Amino acid sequence: MPLHLTGLARRFTLPRALRRAGLLVERSGLLPAVEAALHHQVGAPRKFTARALLTGLAVHALRLEEMHLTRILTTFDDLPPSARRDLGLSGPVTYRMLWHAYTVLVRALDNGTLAVPHHHPGHQAGTGAGAAPGGPGHCPVAGCPYEPVTVSTFTGRLLNASLPDGFSLTGALAVDSTDFETWARRRARSGREPDVDPDHPPVTKDTPKLRRRCPPDDPGYPRTGHDGRLQHTIDPDAREGYRSGTNGAPGNVFCGHDLHLAVQTRARGGGEVPFVVTAIHLAPAGSHKGRAGIALIDQHLAHHPHTGEVVADRGYSYCTPTTWAHPLRRRGLEPVHDLHPNQRGTRPGPLTGTLVLDGTLFTEALPDPLRDLPGFPLGMRTADKRALRARYDQRIPYAFTPHTRPDTDGYQRFKGPALAGRLRCPNHPPSLRLPHTRPTSTCHPGDDCACGKTVTLRPDDMAQARQRTLWGTTAWAADYGRRAAVESSNAEIKTHRLHMDRGYTRVLGTTKNSILITFALAGLNHTLLRAWHTKRHQPDPWATHAAEQPTQPNTPRPRTRARRRKTSITALTTGHPPG
């Protein structure tokens with residue numbers, strides 16, 4: 001059913017947006033910290049309050065508007081007088097008032113001085129967070145639950161507050177990054193290769209060149225930025241990055257940021273769930289994907305510690321193990337990922353009679369026709385994919401399976417296929433008692449095969465490519481297919497609802513953009529939850545918290561055949577009088 005026919009694409013009305021924005025600000029717990037940053041100066045009291053700043057941003061985001069400060073100003077003009085009094089506004093709001101309050105908030109986040117003021121009984125007044133001689137945000141009391149509000153804390157609290165009470169996550173997370181182009185004009189165009197981190201998957205072979213006939217660079221550009229990378233615009237944090245081709249368009253180079261998203265996905269074998277955004281991390285384009293992804297996951301785990309698996313594409317899994325695979329496993333997370341062509345192929349195994357193929361440990365009894373299988377190119381037909389996965393499924397009886405859970409140091413034992421009861425091998429007599437439906441290896445009696453052995457893998461063994469299901473199999477396709485959750489969120493913010501392309505925000509700097517994007521995604525969560533529950537004829541969970549009256553969606557009724565009007569001709573043909 002088209003979305004425009006259901007009424008679910010409609011924006012929240014202003015009264016509903018006001019009620020939900022007030023709940024969002026209160027539940028986030030950010031108001032005391034922002035008040036301490038905006039109202040601590042001496043002199044006349046600020047006419048534009050911290051509550052007005054946060055609530056105005058939330059109202060504007062809930063109405064799915066572009067996050068421009070000028071448009072946010074018009075939202076304040078539309079507020080009724082009662083709402084303005086509740087926000088502490090005694091007069092008209094000017095752009096300077098909004099811009100100054102927003103700049104003070106950004107400066108406090110950049111300097112690390114944004115913190116919730118608090119005091120401990122028995123200690124001298126003024127030694128709470130943000131006032132101690134140990135520095136901004138320092139608290140001398142050990143085990144103090146208060147923390148300085150960093151950019152990651154700010155975004156994490158706001159997104160967590162956009163989820164209603166009693167909303168439990170599945171414990172499965174899908175992560176991905178999308179391009180967010182800066183509003184600033186590009187002033188240097190002489191580059192030929194993307195300035196991306198060396199840990200990025202190789203893109204130079206198919207990277208399209210920039211225009212060969214382009215105007216000369218502006219004087220002083222490109223310049224060296226504060227991080228040592230080239231700066232091509234006046235945005236101090238925007239960098240050059242590479243975005244892959246989508247919808248038939250080739251990949252190209254852009255200037256801006258990489259927006260990393262963490263989205264809830266369904267559990268393994270579970271039912272469908274709403275794809276809400278639980279964490280974001282904005283990094284300069286071309287930055288290290290693994291480190292940015294771990295920062296994203298840490299932000300998610302701070303509010304949702306019961307997470308067990310992460311589904312990611314090869315842009316993350318291609319990173320070195322010290323920057324992606326090892327940090328994931330230290331956090332108790334199971335990786336599910338795709339493999340880059342460079343990660344595929346056959347390599348010697350750690351034990352005699354074993355080999356490593358496509359990130360999985362096999363016995364050398366694996367038949368030769370199953371070793372060099374093709375990949376899954378773009379545009380491959382569904383029937384061809386299904387047939388190729390069936391060939392990958394034939395590898396399963398020859399693979400080693402986990403024998404124990406990983407220990408605290410990351411070591412894990414694996415058992416051979418004959419020992420696991422998947423393969424019949426003459427060198428392991430107990431396996432010959434298995435039914436003949438199990439495949440029989442071609443090992444000769446007395447061979448030093450590994451079908452019935454156990455092996456202990458170190459943390460560094462196949463760390464980049466190892467995962468719980470065999471790559472390419474039907475089970476892996478179902479496991480990895482859950483990454484569609486974050487792709488769906490990318491489509492929501494890029495095409496369907498937010499249209500987050502160049503010009504969506506018109507501020508410069510990572511922190512300024514992060515705040516506006518976070519409010520926009522918090523408002524998007526409200527819209528997604530309403531649409532998901534309404535399509536399934538379930539009540540919106542936020543409607544109860546906001547004390548809203550339930551509304552019926554504008555869904556078209558089932559078609560019914562109209563009754564024929566009875567006339568005199570009907571009486572002649574049927575024998576019944578009209579009427």
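Note that the structure is predicted; figures quoted are calculated from it, not measured. Excluded from the calculations below are hydrogen atoms, water molecules and symmetry mates; all remaining heavy atoms, backbone and side chain alike, are included.
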Does any N or O in the side chain of Arg482 come within less than 3.5 Å of the main-chain N or O of Asp479, such that one atom is a donor and the other an acceptor?
-> yes

Using atom types as modelled and distance alone, determine if a side-chain donor or acceptor of Lys289 lies under 3.5 Å from a backbone N or O of His260.
-> no

Look at atom OH of Tyr411 and say whether more than 12 heavy atoms of other residues, nucleotides or ligands are closer to it than 6.0 Å.
-> no

Point-to-point distance, once rounded to the nearest 0.5 Å, from CG of Leu159 to CG of Leu521 | 6.5 Å

Is any NZ, NE, NH1 or NH2 atom of the basic residue among Glu65 and Arg11 found under 4.0 Å from an Asp or Glu carboxylate oxygen of the other?
-> yes

Identify whether the distance between the nearest side-chain nitrogen and carboxylate oxygen of Asp540 and Arg20 falls below 4.0 Å.
-> yes

N/O donor-acceptor pair under 3.5 Å between His60 side chain and Glu66 backbone | yes

Donor-acceptor pair, side chain of Ser317 and main chain of Asp338, under 3.5 angstrom | yes

Atom pair OG1/CG of Thr278 and Leu169 - distance to nearest 0.5 Å | 6.5 Å

Nearest heavy-atom pair of Pro459 and Asp409: which atoms, and what distance?
-> CG-O, 3.1 Å

Verify, without hydrogens or angle tests, whether Arg483 (side chain) and Thr265 (backbone) share a donor-acceptor contact under 3.5 angstrom.
-> no

Within a radius of less than 6.0 Å around NE2 of His226, do more than 12 heavy atoms belonging to other residues, nucleotides or ligands occur?
-> yes

Would you say the side chain of Met500 lies within less than 4.5 Å of the side chain of Leu259, judging by non-hydrogen atoms?
-> yes

Within a strict 4.5 Å, meaning less than it, do heavy atoms of the Ser162 and Leu529 side chains meet?
-> no

What is the minimum heavy-atom distance between Trp471 and His337, and which atoms define it?
-> CD1-O, 4.3 Å

On a heavy-atom basis, the closest approach of Arg344 and Pro374 is NH1-C, 3.9 Å

From OG1 (Thr527) to CG (Leu62), nearest 0.5 Å = 7.0 Å

Could Arg530 and Phe12 be counted as a cation-pi pair, given that NZ or CZ must be under 6.0 Å from the ring centre and within 45° of the axis?
-> yes

Can you see which heavy atom on Ala17 is nearest to which on Val59, and at what distance?
-> O-CG2, 3.8 Å

Can any side-chain N or O of Arg347 pair as donor or acceptor with the backbone N or O of Val356 at less than 3.5 Å?
-> no

Given side chains that start at C-beta, do those of Tyr480 and Asp313 come closer than 4.5 Å, heavy atoms only?
-> yes

Under 6.0 Å from the CZ atom of Arg536, do we count more than 12 heavy atoms belonging to anything else shown?
-> yes

Leu457/Phe400 under side chain to side chain contact (heavy atoms under 4.5 Å, CB included): CA gap, chis, key distance, verdict = CA-CA 11 Å; Leu457 296 183; Phe400 278 70; over 6 Å; no

Does some side-chain heavy atom of Val277 sit less than 4.5 Å from a side-chain heavy atom of Glu492?
-> no

Rounded to the nearest 0.5 Å, how far does CG of Leu498 lie from CD1 of Ile493?
-> 7.0 Å

Take Asn342 and Tyr318 through the test side chain to side chain contact (heavy atoms under 4.5 Å, CB included) and record every step on the way to the result.
-> CA-CA 9 Å; Asn342 294 351; Tyr318 192 80; 3.3 Å; yes

When you look at CG of Asp372, are more than 12 heavy atoms from neighbouring residues, nucleotides or ligands closer to it than 6.0 Å?
-> no

Does a side-chain heavy-atom distance below 4.5 Å link Val507 with Met67?
-> no

Output all residues satisfying salt bridge (Lys or Arg N to Asp or Glu O under 4.0 Å) with Arg229, sequence neighbours left out; order by chain, then residue number.
-> Asp195

Under 3.5 Å, is there a donor-acceptor pair between the side chain of Glu364 and the main chain of Leu355?
-> no

Any donor-acceptor N or O pair under 3.5 Å, side chains Thr511, Ser514 | no

Could you list the residues that satisfy salt bridge (Lys or Arg N to Asp or Glu O under 4.0 Å) with Arg458, not counting sequence neighbours?
-> Asp461

OG1 on Thr155 to CZ on Phe519, rounded to 0.5 Å | 11.0 Å

Mind running side chain to side chain contact (heavy atoms under 4.5 Å, CB included) on Asn160 and His304 for me, showing each step along the way?
-> CA-CA 9 Å; Asn160 183 55; His304 311 286; 3.3 Å; yes

Would you call Glu240-Arg186 a salt bridge at under 4.0 Å N-O?
-> yes

Answer whether the closest heavy-atom distance between the side chains of Leu261 and Asp176 falls below 4.5 Å.
-> no

Backbone N or O of Pro236 within a donor-acceptor pair of the Arg239 side chain at under 3.5 Å?
-> yes

salt_bridge(Asp298, Arg331) N-O dist < 4.0 Å | yes

If we only count heavy atoms from C-beta on, is the Val336 to Arg268 side-chain gap below 4.5 Å?
-> no

Within 45° cone of Phe362 ring axis and under 6.0 Å: Arg371 NZ or CZ | no

Leu470 versus Ala399, closest heavy-atom pair with distance = CD2-CB, 3.9 Å

Could you tell me whether a side-chain N or O of Arg413 sits under 3.5 Å from a main-chain N or O of Thr456, the two making a donor and an acceptor?
-> no

Side chain to side chain contact (heavy atoms under 4.5 Å, CB included) between Ile515 and Thr518, worked out = CA-CA 5 Å; Ile515 296 175; Thr518 304; 5.8 Å; no

Go through the side-chain N and O atoms of Ser177 and Asp258 and say whether any donor and acceptor fall under 3.5 Å apart.
-> no

Just by modelled atom types, is the Val455 backbone N or O under 3.5 Å from a matching donor or acceptor in the His403 side chain?
-> no

Contact check, side chains of Leu528 and Phe275, non-hydrogen atoms, under 4.5 Å = no

Atom pair OG1/NE2 of Thr178 and His257 - distance to nearest 0.5 Å | 13.5 Å

Would you say the side chains of His300 and Thr307 form a donor-acceptor pair under 3.5 Å?
-> yes

For Trp324 and Gly290, which heavy atoms make the closest approach, and how far apart are they?
-> CE3-O, 3.9 Å

